[in-house]
Every structure is written in structure tokens, then in C-alpha cells.
Amino acid sequence: MTSFVFRDDPNVTTLSANVTAVTPAGGIVLDRTIFYAASGGQPADAGRIDWETGSVTLSDVVHPDGEKTAIVHVPASEHGLQPGQTVTLHLDFDRRLKLMRMHTALHLLSVVFPFPVTGGSIGTDKGRLDFDMPEVPADLAALEAQLNQWVDAALPVTTEWITDEEMAANANLIKTMKVKPPMGQGRVRLVRIGDIDLQPCGGTHVRNTGEIGHLKLGKIEKKGAQNRRVSLLFA
């Protein structure tokens, strides 16, 4: 079982860990990690793993077979690591910070566009959410202004946990129509932004909305009878 250090503190950039297994394809399993595995529209982290006699860059970080409690670090080259070895993880934090800023910004976007979310994607320079939205709101400038008011307010971004049973009893917290929060592990992680938003999410986020920086709305594209794709960019 790998401990997800990034879940408790997404600002840790270097970490010592122990190799617990190496998959037949050379994937590295650790007792703890600072690397986020691709999930929920957020890409995998980038970085490298060092040890006394070598170093390897990661080409990917994945949940094997979709198992959300496990993480495999996929090396870009052969490494020779064996279970029991101690390694040092180095996160590409510049990239991670951009992803955290955009991921948190998309939570704000889901508030200012109060429609069910049908999909999404997080990038280092822009992101997008797809909404079940019959018509585009008339005053987009006002919505963009609201986003930036929340940024300027530096609202705290915090996490908390509820049980699977509590999640099932509070289905209104779920905004995504196609991606359900991971259940079956006994508890579900929620991300709270000030007093404006609370939703289940396993991703990484900044500490307050002021760290996002100003935002601007991008293109709004029609993707179906009621599906609209809204792009969000850093200003």
C-alpha cells in the first residue's frame, strides 16, 4: 500500500521512500510518494527518482488497472532498482503548481456555471469543463469578473473526509455526471473552497484562491444538443 503524501501536503517537492515492488514491466512501487497519478482529468506528475548509484526520469505515473489505492511509477528507461532499496523522489514542482492552480480554478468555474459537469481536462496553461448547459449565459463578462473576485479574496482551500455512507446520503455534492467519486474504501475526500464550494475530489490544489492568479474565459463550444465546453485560461 502506497501512502499518498501529495494528498496531505501537495507542496512537498522532495521525499525519501522505499521500493516495495518492481512490476514485470519495470514499474516502480514505493511505500510512499509525492507523485500524483493521472486521474479525474488531472495529468500525472513529472519528475525523477534518484538513488545512491543511479537516477531515472519518470515517463508516467499510473493507477494500475484503475486501482485508485495503488500507484506505479513508470520509468523512462531501465533502472535496476530492487525491493528494499531507498530512493529520493524529486517532483517537477513548477509543472505541478500550474496544474494545482488550474485544477482549483476549475472548481471555481463549476460554481460560476451552475450546471452538471459532463467532462473536464486540466492543463498547465488552460483547462476546460463540459457542462450540460442548454444555453450559454448572456453576461459572460460578469461571470469572469466573479471568478477574479474569488481569486482576489484568497479564499482558503481545505480538505476533509466523509464516510462512504455520508457520501451516498449527500449525492448533491457530486457535480460530475460521468465520473463518480471513488467509493468502496470507507471514506471519500472533499475539497472545500471558502463557503462557496464543497465537492469530492482526489486531486491537488493550491492553499487559497489567491495563488491561482487572475483568470479569463476562453472559447465556449457547442458539443451536443445541451453540451457546452467552456475553456479557462490564466490571464
Side-chain angles (χ1 to χ4, degrees), residues 1-104 106 119-128 157 159 161 179-189 191 200-207 211 234:
M1 198 70 147
T2 300
S3 174
F4 296 176
V5 175
F6 59 80
R7 184 178 282 167
D8 297 320
D9 188 351
N11 294 288
V12 176
T13 61
T14 304
L15 184 75
S16 176
N18 296 312
V19 179
T20 59
V22 177
T23 71
I28 304 164
V29 183
L30 304 169
D31 63 341
R32 57 183 189 156
T33 187
I34 52 177
F35 294 111
Y36 181 85
S39 181
Q42 181 174 330
D45 281 326
R48 72 178 196 276
I49 297 177
D50 293 349
W51 60 100
E52 189 174 349
T53 58
S55 178
V56 68
T57 299
L58 297 179
S59 64
D60 204 357
V61 187
V62 301
H63 291 296
D65 301 319
E67 174 49 64
K68 298 295 186 178
T69 63
I71 285 180
V72 173
H73 305 77
V74 182
S77 58
E78 294 184 4
H79 52 79
L81 283 169
Q82 297 295 324
Q85 284 187 254
T86 298
V87 296
T88 302
L89 316 184
H90 298 277
L91 174 68
D92 181 347
F93 188 70
D94 287 343
R95 179 176 178 276
R96 156 74 76 75
L97 181 57
K98 292 174 183 176
L99 292 171
M100 292 199 301
R101 290 167 59 207
M102 181 52 68
H103 195 158
T104 312
L106 289 179
S121 178
I122 302 159
T124 56
D125 55 351
K126 68 177 182 179
R128 55 94 173 163
V157 181
T159 60
W161 295 86
V179 180
K180 301 303 181 184
M183 297 176 67
Q185 301 164 34
R187 62 178 190 164
V188 177
R189 180 176 181 254
V191 173
C201 184
T204 57
H205 302 271
V206 293
R207 290 164 290 197
E211 294 182 24
F234 296 123

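All heavy atoms count here, side chains included; hydrogens, waters and symmetry mates do not. Bear in mind the structure is a predicted one, so any value in this text is a computation, not a measurement. Position 1 is the first residue of the sequence; numbering continues from there.
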Ile49 vs Thr88, test: side-chain contact (heavy atoms from CB on, under 4.5 Å). Steps then yes/no.
CA-CA 6 Å; Ile49 297 177; Thr88 302; over 6 Å; no

For Ile34 and Asp45, work out which heavy atoms get closest and say how close.
O-OD2, 3.7 Å

For Arg95, look at atom CZ and say whether over 12 heavy atoms of other residues, nucleotides or ligands are found less than 6.0 Å away.
yes

Apply the side-chain hydrogen bond (donor to acceptor under 3.5 Å, both in side chains) test between Thr204 and each candidate in Arg7, Gln42, His103; give the one that qualifies.
Gln42

Just checking, is any N or O donor in the side chain of Asp31 or Thr20 under 3.5 Å from an acceptor N or O on the other one?
no

Give me the ring orientation class for Phe4 and His63: parallel if the planes are under 30° apart, tilted from 30 to 60°, perpendicular past 60°.
tilted

Just how far is it from atom CZ of Arg189 to atom CH2 of Trp161, taken to the nearest 0.5 Å?
6.5 Å

Can you check side-chain contact (heavy atoms from CB on, under 4.5 Å) on Val157 and Arg207, steps first, answer last?
CA-CA 5 Å; Val157 181; Arg207 290 164 290 197; 6.0 Å; no

Distance col, row Phe35:CZ vs Asp60:CG, nearest 0.5 angstrom, shows 12.0 Å

Quick one, Ser77 and Thr57 - any side-chain contact, counting heavy atoms below 4.5 Å?
no

Take Val62 and Val74 through the test side-chain contact (heavy atoms from CB on, under 4.5 Å) and record every step on the way to the result.
CA-CA 8 Å; Val62 301; Val74 182; 4.2 Å; yes

Nearest heavy-atom approach of Ile122 to Leu99 is CG2-O, 3.8 Å

So with a 6.0 Å cut-off around CG of Asp65, is the heavy-atom count from everything else above 12?
no

Check whether any side-chain heavy atom of Asn11 lies under 4.5 Å from a side-chain heavy atom of Met100, and answer yes or no.
yes

Met102 CE to Leu97 CG distance, which is reported to the nearest 0.5 Å:
11.5 Å

Leu106 to Gly127 - nearest heavy-atom pair and separation:
CD2-C, 4.1 Å

What heavy-atom pair brings Phe234 and Lys98 nearest, and what distance separates the two atoms?
CZ-O, 3.8 Å

Worked verdict on Asp50 versus Arg48 for salt bridge (Lys or Arg N to Asp or Glu O under 4.0 Å):
CA-CA 7 Å; Asp50 293 349; Arg48 72 178 196 276; 3.0 Å; yes

Check: Val191 main-chain N/O paired with His205 side-chain donor or acceptor under 3.5 Å:
no

Heavy-atom closest pair, residues Pro75 and Gly27:
CD-CA, 4.1 Å

What's the separation between atom CZ in Arg101 and atom OG1 in Thr124, rounded to the nearest 0.5 Å?
10.0 Å

May I ask you to check whether Thr13 and His90 show a side-chain donor-acceptor distance below 3.5 Å?
no

How about Leu30 and His73: do any of their side-chain heavy atoms sit closer than 4.5 Å?
yes

Qualifying residue for side-chain contact (heavy atoms from CB on, under 4.5 Å) with Trp51, from Thr86, Val56, Val19:
Val56

Non-hydrogen atoms of Gly119 and Arg128 that approach each other most closely
C-NH1, 3.8 Å

Could you please spell out the steps behind the side-chain contact (heavy atoms from CB on, under 4.5 Å) verdict for Leu15 and Thr33?
CA-CA 7 Å; Leu15 184 75; Thr33 187; 5.7 Å; no

For Phe6 and Tyr36, take the angle between the two ring planes, folded into 0 to 90°, and tell me which bin it lands in: parallel under 30, tilted 30 to 60, perpendicular over 60.
perpendicular

To the nearest 0.5 Å, atom CD of Gln85 lies from atom CD1 of Ile28 at 9.5 Å

Going by heavy atoms in the side chains, are Leu81 and Val87 under 4.5 Å from each other?
yes

